[in-house]
J.: 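Below: one structure in structure tokens.
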Number of protein chains: 2
Amino acid sequence: MQKYIIISNDIRNKILKGEYVANQQMPFEKDLCVHYGSSKMTVKKALDILVTEGLIIKRRGSGTFVKDLNPEEIERVAMANQFRGTTALYAGQKVVSKILNFSVVKVPEHAAKKLNIAPDSFVYDIHRVRYVDDEPFVMEKMYMPIDLIPNIKEKNIKGSIYEYIEKDLHLNIQSAHRTVSVRKATDFEAEELGLEKGDPVAVAEQRGYLDTGSAFEFSTSIHRYDKFSVEIVLTRN
Amino acid sequence: MQKYIIISNDIRNKILKGEYVANQQMPFEKDLCVHYGSSKMTVKKALDILVTEGLIIKRRGSGTFVKDLNPEEIERVAMANQFRGTTALYAGQKVVSKILNFSVVKVPEHAAKKLNIAPDSFVYDIHRVRYVDDEPFVMEKMYMPIDLIPNIKEKNIKGSIYEYIEKDLHLNIQSAHRTVSVRKATDFEAEELGLEKGDPVAVAEQRGYLDTGSAFEFSTSIHRYDKFSVEIVLTRN
DNA sequence: AAGTGGTCTAGACCACATT
DNA sequence: ATGTGGTCTAGACCACTTC
């Protein structure tokens, strides 16, 4: 494990445990260098991670301070920065899927563009409704190139596809680009998600990338409006 | 201007201009060091900015590659990483505000918590509907501590408050935490935004922070569902 | 074996805030 | 004037990929 990860984890824990509290001034970088036995650049890198996460603030000439957040917000922010699949997000709760379709098809034109693959490629076409603790939660329509993610079985899509990709195929998921918008549910969506006709839904269109740079997933998720929210930290520079 | 900013801007431009295209391998860090006359750490920092923005991918042992995005997506991603107010976002279009309320009040309890100020503090209470090119777009309810952001005049809230804070007060906006959720419009919201009763709206709850670490803004924005989307780049590590 | 990006250091100098 | 964090360097060593 890298030193800067160890340091930033350690400091994040101290904030989460309340050892450093909101608005409190933290030790100077110089002192942290001594304490962790590392150079200035390494400590700086560790602290910058926490700045990006939105937990602390640095002021040149003055020092470093815990951000003005209450304990609850601190916890949420610390969570929001991790990128996980739905199954991991609702760890501890029962996540099951109802499969509406699972087949291999020639890639639809719009998906070929998003996945940047040849128009005569084949992809898995996965359509499922996911339930958390027996409540319908989200309807997912997902395309994955069969060349990149081979051998998907029904049992994988009943559970976590991300887990299959990482644990079984030993591929590394690197990042995702997601666009969230809002519209009215279609009648079919309303029925599957237990909503009234015309109720709001949140639509998340997502492309997932492996660490090889290839797009491995293009998906559109329709979320129940009452069970959806995203947390975003915006930073200047 | 710092060297790593210059370098990352230069490379971003080359990607935007199509000088480096999707999936193309970029020059090695070693060569970029020579080209820009800088050290490895500096070039790495410049490239890491583009990684966070979602434009490029690095693979240890192999090299650095432009991400698998079409030109349109590249442009959107490059834009999405900047944090601006509404007025700046719709630069070039006519942005005006209809003021529903503009007063100074004792801070409501829930806002005092979010802003982390004393419960007997006073805040500006700003309620306005913003129009882009004469179409209603978003309804904003905003609280700002009068001690932090003094002297707001009606002409400021008709235009851009962010601009007033930065240009006139010479304060630095550092970051914002935003939570986006979805619900049905109230009758009043529907009327003001030109929607039907019960139509979907996107609700963005936002806290803005100055570089001093103080929260200067707590706001709730109600967006028309057909004119709202957010772009998010998620990264592992 | 050679070459890539990743981490880390020790020290220099700079920009900024406080005293 | 002092001390903070910010940038930058030159060079070392490591982890990984490719040949």
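The figures that follow rest on heavy atoms only: side chains count, while hydrogens, waters and symmetry mates do not. Throughout, a chain's letter reflects where its sequence line sits, starting with A, and its residues are numbered from 1.
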J.: Do A:Ser175 and B:Lys67 pair up side chain to side chain, a donor and an acceptor below 3.5 Å, judged on atom types alone?
T.: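 Yes.
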J.: Let me know the distance between CD1 of A:Ile7 and P of C:dT7, rounded to the nearest Å.
T.: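 A:Ile7 atom CD1 is separated from C:dT7 atom P by 13 Å.
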J.: Does NZ in A:Lys113 sit with more than 12 non-hydrogen atoms of other residues, nucleotides or ligands closer than 6.0 Å?
T.: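 Not more than 12 within 6.0 Å, no.
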J.: Classify the side-chain pair A:Tyr4/A:Asp48 by whether it contains a donor and acceptor separated by less than 3.5 Å.
T.: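 A:Tyr4 vs A:Asp48: no donor-acceptor pair found between side chains.
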J.: How many Å lie between CG on A:Asp48 and C1' on C:dT7, as a whole number?
T.: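 So the two atoms are 15 Å apart, to the nearest Å.
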J.: Side chain of A:Glu29 only, please: which of D:dG5, C:dC8, D:dC16 is the nearest?
T.: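 When the side chain of A:Glu29 is considered, D:dG5 is the closest of D:dG5, C:dC8, D:dC16.
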J.: Measure from CE on B:Met41 to C1' on D:dG6 and round the result to the nearest Å.
T.: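 Distance check: B:Met41 CE to D:dG6 C1' gives 13 Å.
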J.: Looking at D:dC8, C:dT9, C:dG6, which one has an atom nearest to any side-chain atom of B:Lys3?
T.: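 Within the option list, the nearest is D:dC8.
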J.: Expressed as a whole number of angstroms, how long is the span from B:Gln2:CD to C:dC16:C1'?
T.: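 So the two atoms are 13 Å apart, to the nearest Å.
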J.: Quick one: B:Lys44 NZ to D:dT9 C1', roughly how many Å, whole number?
T.: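 Taking atom C1' of D:dT9 as the reference, NZ of B:Lys44 is at 16 Å.
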J.: Out of C:dT18, D:dT9, D:dT18, which nucleotide sits closest to the side chain of B:Ser62?
T.: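 When the side chain of B:Ser62 is considered, D:dT18 is the closest of C:dT18, D:dT9, D:dT18.
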J.: Could you list the donor-acceptor pairs under 3.5 angstrom formed between side-chain atoms of residues 17-24 of chain A and any protein atom two or more places apart in sequence or on another chain?
T.:
from    : atom 1 : to      : atom 2 : distance (Å)
A:Asn23 : ND2    : A:Asp68 : OD1    : 3.4
A:Gln24 : OE1    : A:Val21 : N      : 2.9

J.: Between A:Thr42 and B:Arg60, which has a closest nucleotide on DNA chain C that is more 5'?
T.: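 By nearest-heavy-atom nucleotide position, the 5'-most residue is B:Arg60.
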J.: Please determine if a side-chain N or O atom of A:Tyr4 lies less than 4.0 Å away from the OP1 or OP2 oxygen of C:dC8.
T.: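 Checking A:Tyr4 against C:dC8: no side-chain N or O falls below 4.0 Å of OP1 or OP2.
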J.: Under a 3.5 Å threshold, yes or no: a donor from one side chain and an acceptor from the other, between B:Lys153 and B:Asn151?
T.: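 Side chains of B:Lys153 and B:Asn151: pair found under 3.5 Å.
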J.: Given atom CD1 of A:Ile57 and atom P of D:dG6, what is their separation to the nearest angstrom?
T.: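 Taking atom P of D:dG6 as the reference, CD1 of A:Ile57 is at 12 Å.
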J.: Over all strands shown, is A:Lys45 touching base, sugar-phosphate only, or nothing at heavy-atom distances under 4.0 angstrom?
T.: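 Touches sugar-phosphate only.
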J.: For A:Lys30, answer base if it contacts any base atom (sugar-phosphate contacts may also be present), sugar-phosphate if it contacts only those atoms, and nothing otherwise; contact means non-hydrogen atoms under 4.0 Å.
T.: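 Sugar-phosphate contact only.
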J.: Please report, rounded to the nearest Å, how far the C1' atom of C:dC14 is from the CE atom of B:Met1.
T.: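 Going from B:Met1 (CE) to C:dC14 (C1'), I get 16 Å.
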J.: If you look at every strand shown and take non-hydrogen atoms under 4.0 Å, does B:Lys40 touch a base, only sugar-phosphate, or nothing?
T.: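 It contacts base atoms.
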J.: Specify the separation, in whole Å, of atom CG of B:Leu47 and atom P of C:dT4.
T.: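 Taking atom P of C:dT4 as the reference, CG of B:Leu47 is at 14 Å.
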